[in-house]
Amino acid sequence: MRELPKIYDPKSVEQKIYQMWLDGGWFKAERDPEKKPFTIVIPPPNVTGQLHLGHAFDDTIQDTLIRYKRMKGFATLWLPGTDHAGIATQIKVEEQLRKEGLTRFDLGREKFLDRVWEWKEQYGSRILEQLQTMGASCDWSRLRFTMDEQCAKAVREVFVSLYEKGLIYKGNRIINWCPNCTTALSDAEVEYAEKPGHLWHLRYPVKDSDEWVIVATSRPETMLGDTGVCVNPNDERYTHLIGKTCILPLVGREIPIIADEYVDTEFGTGCVKMTPCHDPNDFEVGQRHGLEQILILDNDAKIINGGKYNGLDRYEARKQIVADLDEAGYLVKIEEHGHNVGTCYRCGTDVEPITSAQWFVKMEPLAKEAIRVVEEGEVKFVPDRFSKTYLTWMYNVRDWCISRQLWWGHQIPAWYCADCGHTTVSRDDAAECEHCHSKNIERDPDVLDTWFSSALWPFSTLGWPEDTEDLKYFYPTDVLVTGYDIIFFWVARMIFSGCEHMKKPPFHTVLIHGLVRDSQGRKMSKSLGNGIDPIEMIDQFGADALRFNLITGNSPGNDMRFYVERCEAMRNFCNKLWNATRFVMMNLTIDKNELPEKLELEDKWILSKLNALAKEVDTNFDRYELGVAATKIYDFIWDSYCDWYIELTKPRLNGEDEAAKISAQQVLLYVLTEILKLLHPFMPYITEEIFRALPHDGDALMIQTYPEFTDALNFPEEEAQFEIIMNAIRAVRSRRAEMNVPPSKKPRLIIVSPKADVFEKGTVYLSKLAYAGQVEIVTEVPADTEGMVNVVTDEARMFMPLSELVDLDKERERINREIGKAEADLAKIEAKLNNEKFVSKAPENVVAQEREKAAKARTLIENLKNSLEALG
RNA sequence: GGACGAUUAGCUCAGCUGGUAGAGCAUUCGCUUGACGUGCGAAGGGUCAGCGGUUCAAGUCCGUUAUCGUCCACCA
């Protein structure tokens, strides 16, 4: 038998164990027709990223589920991979280039992409290695990347088939433009921030008249692109102006005054300047009224088509234009006005609405099925409230802008003919225009939104569009685990993509978790410098401790604060389990894990509790209540097994009776082994390491069968009996603590109880755990108890001859206090039982429970009163 | 403007389908108790945000108010 060190050292264990799992090949998913599949695809982390606590949390949940299902006999596949993360990665490589004094344009597209691939080769596996330190049991043989050949094929197929169905189109529409990333963004990629601003009131003279209109704007510089002024048709102030024109100040352009219901008569002046190229609403109005479109900002948000302002940055232009308007007398007033500014979710730059030719996915037809599968429960969100979030979004979803003016990504498979103008969209790279067969064609330089390829992840990773064996066996996947922050980006798009291309939603459950925040509840971020590195936590406390910290103490969908102290507490728990094992091992003479024929009362108690635990844990897993399950296992190990059961076996282990010694070992070993199985999905490393050290069957703990409830080990009667003894022990300990009696002092303990037979079985426990010298069980109160310390429960009266410590007055006072409390309790219970409605309407077992409580309370009171009397 | 979440012990949070509250940390007291002081035993501490309702019974269900937070939409 191996000797274990006194303190558990995760560092010396984790790598070794992980290697052992890899060598065993147990992560590798096998398609087994005899088994049910259970599949999770990982939310692919950015290939250039580093593991942060959010990943650690997400991945711990997934690994726990996968390990549980694996032990439950499912053919499990946890498919790992990384995301090419278009903008994020491109920015990183461009930063690197900048240090060399280069831009991507200096290199050119091809060379730049080579550099990105180089970067990917260099850093792309870092996050995966970090994932491994967490203990992730991914099938690394199926590792995928959103830019690998297989995924590219899927992307191409999806793009072309959607195009053929008319669900992808190119259009000149208003989109969100990030001037820093110089690309279009989807609506989902814009974050809104409330910022203080102003409302400038500008005077636009009406042509051939002394009149003018005053428009209010928060973006005066966009006036350069104004092609109209709009009022509400029912606004009597302005009806006479409708159809007239005004002269745009500074520019001199003549622009029409139009009427549209869109204008709110209550807001501002009731007159709105129309800039169709740079405001989504103006764009819509402009379309309705055929307003001219004048683009006044280029890709860097500098003025174009703006005369003397050309080349100015948008904010610089604002200053100048306002100054010029003021000088020329067109500025009426400036009001303070807070407003929401859209910013780029990648770089934080203010986003500019710009009309631009981009590719879009037509969402309405796709959303229909994506709504149905959630409404009809084919896809369930846990917690359920997120289905509402999802549905609201899906109901109101607008067309998805999928083209990005980047180089890193899946290039759009569209070729434009210079001769006939036809667009060829093709699965294979086009060599000629499909319409006029001209070779004079050029490919669209843009790439697709990163989320376009992630949306296909649940089936592209399994081989689609090929009809592979993996796809047939593992699709649809089962559970998708992710944070609520990417429901729109990713979950929603996976669902409609799965429905459209696979005719089946990609998973039946979406398990949503919250964000990991710092100890003050702030989001962890680089700029705040409040991030905690999970690798550092693993280094300090072990992966198991980190995992347990993350999985407990939070509820699904809610954010959690991360406390390093909790990691420490969990590290202590590991150590506790480790030392329990040391205890078992140093007493172990058997080499086989089997239960004895004859079970003692305490054996039945612990086995029965363990059995009940297995059942509860199963239920909790079914409901995705992983934290609850983990806490129950923790409590069982620390309280039931360590603090009670191990202590209870000591008399047997140290006694003379060989058979008793063996049976204690057997139960200790059996329960410990079951504990390891129960705990393994949560704390894979330490449990596996301990399992190896114990006598065991099978190659590894991770492929053992998970414990299940069995009638054979259900002993409710014995459990209840043992609880009586435990209560007595607790009562004695409590009394002793109150009186400051040290454990070394072991007085005689006289027990008077109608349950003498139960206590008879418990004398050893009482002497061990209640520090009793000699335990005497009698049916009548002996005559000489006067002046002894009284300990009273509802099952027994106990006496300890510690008369030198007893202050009779204090003792009376204490007992009277206890009587008072017990009587108050009883009064409450009796009030309930005397309530006719309660007795008639409450379920029988509840009423019976109350009756039992009342009986116990009465006994307690009686016992206390007798004790009081006996004091004299 | 709309939706959602939170409000429980000093702090951070659990509490599943309603049956008079739990954990970790912190605090106090005691302990070389032959696995563990990263430990053991004991103790203190909560009108479960307020109000109203349903019910025999409400931290739990319903309504409402307040405070904080998140998301969505957005009127220039």
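Just so you know, these numbers use all the heavy atoms, side chains as well, and skip hydrogens, waters and symmetry mates. In the text below, chain A, chain B and the rest are named by the order of the sequence lines, each starting its count at 1.
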**Fill in**
Closest of B:rC36, B:rU70, B:rC31 to the A:P743 side chain is B:rC31
**Item:** Paired and unpaired positions of RNA chain B as dot-bracket, Watson-Crick or G-U wobble under 3.5 Å, | denoting a partner strand
**Value:** (((((((..((((.....[..)))).(((((.......))))).....(((((..]....))))))))))))....
**Request:** Examine B:rC72: is either OP1 or OP2 under 4.0 Å from a nitrogen or oxygen in the side chain of A:K388? Give yes or no.
**Result:** no
**Prompt:** Between B:rG45 and B:rG5, how far is it from one C1' atom to the other, in whole Å?
**Reply:** 28 Å
**Message:** Regarding A:V846, tell me which of base, sugar-phosphate or nothing describes its non-hydrogen contacts under 4.0 Å with the strands shown.
**Reply:** base
**Request:** Measure from the side-chain heavy atoms of A:D643 and tell me the nearest of B:rG39, B:rC40, B:rA76.
**Result:** B:rC40
**Message:** Does the plane of the ring in A:Y634 sit parallel, tilted or perpendicular to the ring in A:W638? Use 30° and 60° as the thresholds.
**Reply:** tilted
**Request:** Show your working on side-chain contact (heavy atoms from CB on, under 4.5 Å) between A:R566 and A:T552 and close with a plain yes or no.
**Result:** CA-CA 10 Å; A:R566 263 178 62 86; A:T552 57; 2.7 Å; yes
**Message:** Measuring only the C1' atom in each nucleotide, how far is B:rU20 from B:rG24? A whole number of Å is fine.
**Reply:** 25 Å
**Item:** For atom CG of A:N579 and atom P of B:rG37, their distance in whole Å
**Value:** 7 Å
**C1' spacing across the pair B:rC25 / B:rU60, given as an integer number of angstrom** = 26 Å
**Prompt:** Among B:rG19, B:rG24, B:rC36, which is the nearest nucleotide to the side chain of A:Y634?
**Reply:** B:rG24
**Item:** Phosphate-side-chain proximity, A:S555 and B:rA14, N/O vs OP1/OP2 below 4.0 Å
**Value:** yes
**Request:** Could you check A:Y8 against A:D187 and say which one's nearest nucleotide on RNA chain B is further toward the 5' end?
**Result:** A:Y8
**Request:** Scan A:V839 against the nucleic acid and name what it touches under 4.0 Å (heavy atoms): base, sugar-phosphate only, or nothing.
**Result:** nothing
**Between B:rG18 and B:rC56 - P atom distance, rounded Å** = 15 Å
**Prompt:** How long is the line joining CG of A:N554 and P of B:rU12, in whole Å?
**Reply:** 16 Å
**Asked** Is a salt bridge present between A:E261 and A:R288, judged by a nitrogen-to-oxygen distance below 4.0 Å?
**Response** no
**Asked** Only one of A:K523, A:R522, A:R517 clears salt bridge (charged side-chain N to carboxylate O under 4.0 Å, His left out) with A:D559; which?
**Response** A:R517
**Item:** Check: A:F621 ring centre within less than 6.0 Å of A:F682 ring centre
**Value:** yes
**Message:** Any base atoms under 4.0 Å from A:C642, or only sugar-phosphate, or nothing? Heavy atoms, all strands.
**Reply:** base
**Request:** Could you check whether A:I646 gets within reach of a base, just the sugar-phosphate, or nothing at all, counting any heavy atom under 4.0 Å?
**Result:** base
**Asked** Has the side chain of A:N575 got a donor or acceptor atom sitting under 3.5 Å from an opposite partner on the base of B:rC36?
**Response** no
**Item:** Rounded distance in Å - CZ (A:F548) to P (B:rC25)
**Value:** 13 Å
**Prompt:** Counting only side-chain N and O atoms of A:S734, is one of them less than 4.0 Å from OP1 or OP2 of B:rA43?
**Reply:** yes
**Message:** Using atom P in both nucleotides, what's the gap between B:rG19 and B:rC62 to the nearest angstrom?
**Reply:** 15 Å
**Message:** Taking 4.0 Å as the cut-off, does a side-chain nitrogen or oxygen of A:K832 come that near to OP1 or OP2 on B:rG19?
**Reply:** no
**Message:** What's A:A842 touching, base or sugar-phosphate or nothing? Going by heavy atoms closer than 4.0 Å.
**Reply:** base
**Item:** Contact check, side chains of A:N549 and A:F562, non-hydrogen atoms, under 4.5 Å
**Value:** yes
**Request:** Report the distance from atom CD of A:E568 to atom C1' of B:rA23, rounded to the nearest whole Å.
**Result:** 17 Å
**Item:** Whole-Å P distance, B:rA58 and B:rC13
**Value:** 28 Å
**Request:** Could you check which of B:rA76, B:rA73, B:rC71 has an atom nearest any side-chain atom of A:F488?
**Result:** B:rC71
**Asked** Choosing from B:rA14, B:rG5, B:rA35, which nucleotide comes nearest the side chain of A:R385?
**Response** B:rG5
**Request:** Using the six-membered ring wherever Trp is involved, compare the ring planes of A:F489 and A:Y345 and label them parallel, tilted or perpendicular (cut-offs 30° and 60°).
**Result:** parallel
**Item:** side chain to side chain contact (heavy atoms under 4.5 Å, CB included) involving A:I334 - partner list, sequence neighbours excluded
**Value:** A:H198, A:W200, A:L331
**Request:** Would you mind reading off the distance between A:E266 atom CD and B:rC74 atom P, rounded to a whole angstrom?
**Result:** 21 Å
**Item:** A:N587 and A:L668, any side-chain heavy atoms less than 4.5 Å apart
**Value:** no
**Between B:rA57 (C1') and A:N835 (CG): distance, integer Å** = 9 Å
**Item:** Whole-angstrom distance between B:rA42 and B:rA57, as gauged at atom P
**Value:** 37 Å
**Asked** OP1 or OP2 of B:rC29 sitting under 4.0 Å from any side-chain N/O of A:N740?
**Response** no
**Prompt:** Closest to the A:N620 side chain: B:rA35, B:rC16, B:rA76?
**Reply:** B:rC16
**Request:** Looking at every strand, decide which applies to A:E647 at a 4.0 Å heavy-atom threshold: base, sugar-phosphate, or nothing.
**Result:** base
**Prompt:** Does the distance from a Lys or Arg side-chain N to an Asp or Glu carboxylate O, for A:K195 and A:D350, drop under 4.0 Å?
**Reply:** yes
**Request:** Give A:K828 one of three labels, base, sugar-phosphate or nothing, depending on what nucleic acid heavy atoms sit under 4.0 Å from its own.
**Result:** base
**Asked** Which nucleotide in the set B:rC16, B:rU12, B:rA35 lies at the smallest distance from any side-chain heavy atom of A:R561?
**Response** B:rU12
**Message:** Using the P atom as the point on both nucleotides, what is the distance between B:rA9 and B:rA14, in whole Å?
**Reply:** 13 Å
**Asked** Quick one: on RNA chain B, does A:R566 or A:N654 contact a more 5' nucleotide (nearest heavy atom)?
**Response** A:R566
**Asked** So with a 6.0 Å cut-off around CD of A:E266, is the heavy-atom count from everything else above 12?
**Response** no
**side-chain N/O A:H337 vs B:rA76 OP1/OP2, d < 4.0 Å** = yes
**Fill in**
Side-chain contact check for A:W638: nearest option of B:rA76, B:rC40, B:rC56 is B:rC40
**Complete:** Testing B:rU20, B:rC16, B:rC56 for proximity to the side chain of A:K837, the answer is B:rC56
**Message:** Can you measure A:R736 atom CZ to B:rA43 atom C1' for me and round it to whole angstrom units?
**Reply:** 17 Å
**Prompt:** For the side chain of A:N558, counting heavy atoms from C-beta on, which of B:rG39, B:rC74, B:rA6 is nearest?
**Reply:** B:rA6
**Message:** For a quick check of understanding: with a heavy-atom distance under 4.0 Å over all strands, which category does A:F386 fall into, base, sugar-phosphate or nothing?
**Reply:** nothing
**Prompt:** Is A:I7 touching bases, backbone alone, or none of the nucleic acid, heavy atoms closer than 4.0 Å?
**Reply:** base
**Asked** Can you find a side chain N or O atom of A:K853 that sits less than 4.0 Å from OP1 or OP2 on B:rU20?
**Response** yes
**Request:** Let me know the distance between OH of A:Y192 and P of B:rA73, rounded to the nearest Å.
**Result:** 6 Å
**Residue list, side-chain hydrogen bond (donor to acceptor under 3.5 Å, both in side chains) with A:K821, at least two apart or on another chain** = none
